[in-house]
**Student:** 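So that we are looking at the same thing, I have put the structure below in structure tokens.
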There are 2 protein chains.
Amino acid sequence: MARYQAGLRTEARIVEATRDLLGEVGLEGTTLKAICGRASVQAGSFYNLFASKEAVVVRVVSEAIAAVAPEPAEDATVEDLVEAYIQFIQGDPTLAAVYTEIAITGALNDGPMRERIARHHRQRLEIFAGAVRQSVPGISPKNAVTRAELLLAALHGLAFHLALEPDFDFAGLARRVAEFTVS
Amino acid sequence: MARYQAGLRTEARIVEATRDLLGEVGLEGTTLKAICGRASVQAGSFYNLFASKEAVVVRVVSEAIAAVAPEPAEDATVEDLVEAYIQFIQGDPTLAAVYTEIAITGALNDGPMRERIARHHRQRLEIFAGAVRQSVPGISPKNAVTRAELLLAALHGLAFHLALEPDFDFAGLARRVAEFTVS
DNA sequence: TCACAATTTGAGTATACGCTCCATTTTGGA
DNA sequence: TCCAAAATGGAGCGTATACTCAAATTGTGA
């Protein structure tokens, strides 16, 4: 949408404001008014750059997803992947919770976002299964996928628990899951 | 609140309508108008019996929680508990998702509901740890708690995946987790 | 039967939300 | 320098929400 420098800068401000708000007050608190207020922009300017409020939220969440799995990482170990997951969750817990919320409720437009999340899951599953195959030499490909699926499920569940109890020892248990998986 | 028979009956109708709606259209679709419409009641009558919309939602979710863990079940095995969990999730997937949504977002009043869910989790954890101790004779109490924690996390994660992909083989993988846990 | 409390009604309030419209100003290529 | 396109400000629209209130009706115990 934006063509001129001014437009590009406001666009960036809006995206940043949205990311900050999602991380601080969650999806519910990230209203159009709040976004525009923090970005020092009026509603009219916002809609000159974005088709809807949903659009900017989708963009922020998509960027967060992309950031957590930057490359296929061919030779990553299970431990590496678990550490990356820990980083993602602990780096911005509220944004991680928003991700879960969107996935669960289909809060956004049902269509594109959910498909994106599902695709992201499949990609991650493949990478995790590769790492499991590498870490457990004798394992069958099918069993590796199953173990990867269980590992990911456990990590998601632990993240859920963390959202519920902020003092929860998420990292410690996540590492225990990794041990179990490669044993 | 209700003193007369008429009041008790409408109260029951409202609770039932709310439960149905949560199961069919989720938290977002369960508006006051929808509840009153399905219960054939006007808004004024609703507020004569309930302090808020939140109150009836909390009540329905609390009842659902109570139903899934009716008794301490002293001699339940890990397999029994996992089967009960499968039953809960597959019996009413949308209500299970609502439960997750409330837990994650703290959508309701922050206070009572989240504490209730956390307490419910602790109770369940204790029961699961007991079953693990029974199924894995030599295990230390501390390790049993850790394994139970991981088992529960994996089950929650699998439930999350099921919410994302309705065709997901939730039951099959849940049983695999049980095998892993007692091995 | 009767008095009074419980219940029900349904119009109405307050508020928040996402979003639109359009006059005005700014931008940057020709 | 000119001028069309882009960007901006800001009032305001439409809608949906949870919730309130006074009046009418109904149920129950005495």
Side-chain angles (χ1 to χ4, degrees), chain A residues 1-18 21-22 24-61 98 101-102 105-113, chain B residues 1-18 21-22 24-61 98 101-102 105-113:
Chain A
M1 280 290 199
R3 294 285 142 84
Y4 293 171
Q5 293 297 326
L8 292 172
R9 268 175 310 189
T10 11
E11 193 178 315
R13 273 209 325 278
I14 289 171
V15 169
E16 190 185 344
T18 306
L21 282 168
L22 286 176
E24 287 171 22
V25 294
L27 191 55
E28 195 189 22
T30 306
T31 64
L32 193 76
K33 197 175 166 188
I35 293 172
C36 290
R38 183 172 291 228
S40 299
V41 156
Q42 299 298 325
S45 303
F46 178 97
Y47 283 96
N48 183 49
L49 295 166
F50 295 91
S52 64
K53 176 196 135 180
E54 196 178 299
V56 65
V57 173
V58 166
R59 175 148 154 198
V60 166
V61 174
V98 168
E101 184 182 348
I102 290 173
T105 65
L108 303 177
N109 208 352
D110 292 335
M113 198 62 219
Chain B
M1 282 289 198
R3 294 283 143 84
Y4 292 173
Q5 292 298 325
L8 293 172
R9 268 177 314 203
T10 37
E11 192 179 316
R13 276 212 319 280
I14 290 172
V15 169
E16 190 184 344
T18 306
L21 282 168
L22 286 177
E24 287 171 23
V25 294
L27 192 55
E28 194 189 23
T30 306
T31 63
L32 194 76
K33 195 175 167 187
I35 293 172
C36 290
R38 184 173 290 228
S40 299
V41 156
Q42 299 298 327
S45 300
F46 179 96
Y47 283 96
N48 182 48
L49 295 166
F50 295 90
S52 64
K53 176 195 137 182
E54 197 178 297
V56 65
V57 172
V58 166
R59 173 146 156 199
V60 166
V61 175
V98 167
E101 184 182 348
I102 290 173
T105 64
L108 302 178
N109 207 352
D110 292 334
M113 198 63 219

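Model, not experiment: these values are computed from the prediction. We use all heavy atoms of the structure for the numbers below, so side chains are in, but hydrogens, waters and symmetry mates are not. Below, chain A is the first sequence line, B the second, and so on; all start at residue 1.
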**Student:** Just the rounded figure in Å: distance from P of C:dT15 to CG of B:Leu32.
**Tutor:** 18 Å
**Student:** Please check the phosphate of C:dT8 (OP1 and OP2 only) for any side-chain N or O of B:Thr10 closer than 4.0 Å.
**Tutor:** yes
**Student:** Under 4.5 Å between any side-chain heavy atoms of A:Thr10 and A:Arg13, yes or no?
**Tutor:**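 A:Thr10 reaches A:Arg13 side chain to side chain.
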**Student:** Roughly, in whole Å, what's the span from OH in A:Tyr47 to C1' in D:dA11?
**Tutor:** 16 Å
**Student:** Whole Å only: how far is the CD1 atom of A:Ile14 from the P atom of D:dT8?
**Tutor:**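 Answer to the nearest Å: 8 Å.
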**Student:** Could you tell me which residues satisfy side-chain hydrogen bond (donor to acceptor under 3.5 Å, both in side chains) with B:Glu24, sequence neighbours excluded, listed by chain and number?
**Tutor:** B:Arg38
**Student:** Please tabulate, one pair per line, each protein N/O and nucleotide N/O from nucleotides 9-12 of chain C that are separated by under 3.5 Å, including the distance.
**Tutor:**
| residue | atom | partner | partner atom | Å |
| --- | --- | --- | --- | --- |
| C:dT9 | OP2 | B:Ser45 | OG | 3.4 |
| C:dG10 | O6 | B:Gly44 | N | 3.2 |

**Student:** Collect all protein-nucleotide pairs involving nucleotides 26-30 of chain C in which both atoms are nitrogen or oxygen and the distance is under 3.5 Å.
**Tutor:**
| residue | atom | partner | partner atom | Å |
| --- | --- | --- | --- | --- |
| C:dG28 | OP1 | A:Gln5 | N | 3.3 |

**Student:** Between A:Phe46 and A:Cys36, what is the shortest heavy-atom contact and its length?
**Tutor:**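 Minimum heavy-atom contact is CB-SG, 4.0 Å.
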**Student:** Distance from A:Ile102 atom CD1 to A:Leu27 atom CG, nearest 0.5 Å?
**Tutor:**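 Answer for the CD1-CG pair, A:Ile102 versus A:Leu27, is 5.5 Å.
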**Student:** What is the distance, rounded to the nearest whole Å, between atom CD of B:Glu28 and atom C1' of C:dC17?
**Tutor:** 13 Å
**Student:** Can you check whether B:Val15 reaches B:Phe50 side chain to side chain, under 4.5 Å on heavy atoms?
**Tutor:**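 Yes, side chains in contact.
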**Student:** In whole angstroms, how far is the C1' atom of D:dA16 from the NZ atom of B:Lys53?
**Tutor:** 12 Å
**Student:** Taking all heavy atoms of A:Lys53 and all of A:Thr31, pick out the closest pair and write down the distance.
**Tutor:** NZ-CA, 4.4 Å
**Student:** B:Gly7 and B:Ala2: which non-hydrogen atoms are nearest, and at how many Å?
**Tutor:** C-CB, 3.7 Å
**Student:** How close do A:Val41 and A:Ile14 get, counting heavy atoms only, and between which atoms?
**Tutor:** CG1-CD1, 4.3 Å
**Student:** Less than 4.5 Å apart, any side-chain heavy atom of B:Thr105 and any of A:Glu28?
**Tutor:** no
**Student:** In terms of side-chain heavy atoms of B:Thr31, which of C:dG18, C:dT8, D:dA18 is nearest?
**Tutor:**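 For the B:Thr31 side chain, the nearest candidate turns out to be D:dA18.
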**Student:** Mind calculating the distance between NZ (A:Lys33) and P (C:dA16) to the nearest angstrom?
**Tutor:** 7 Å
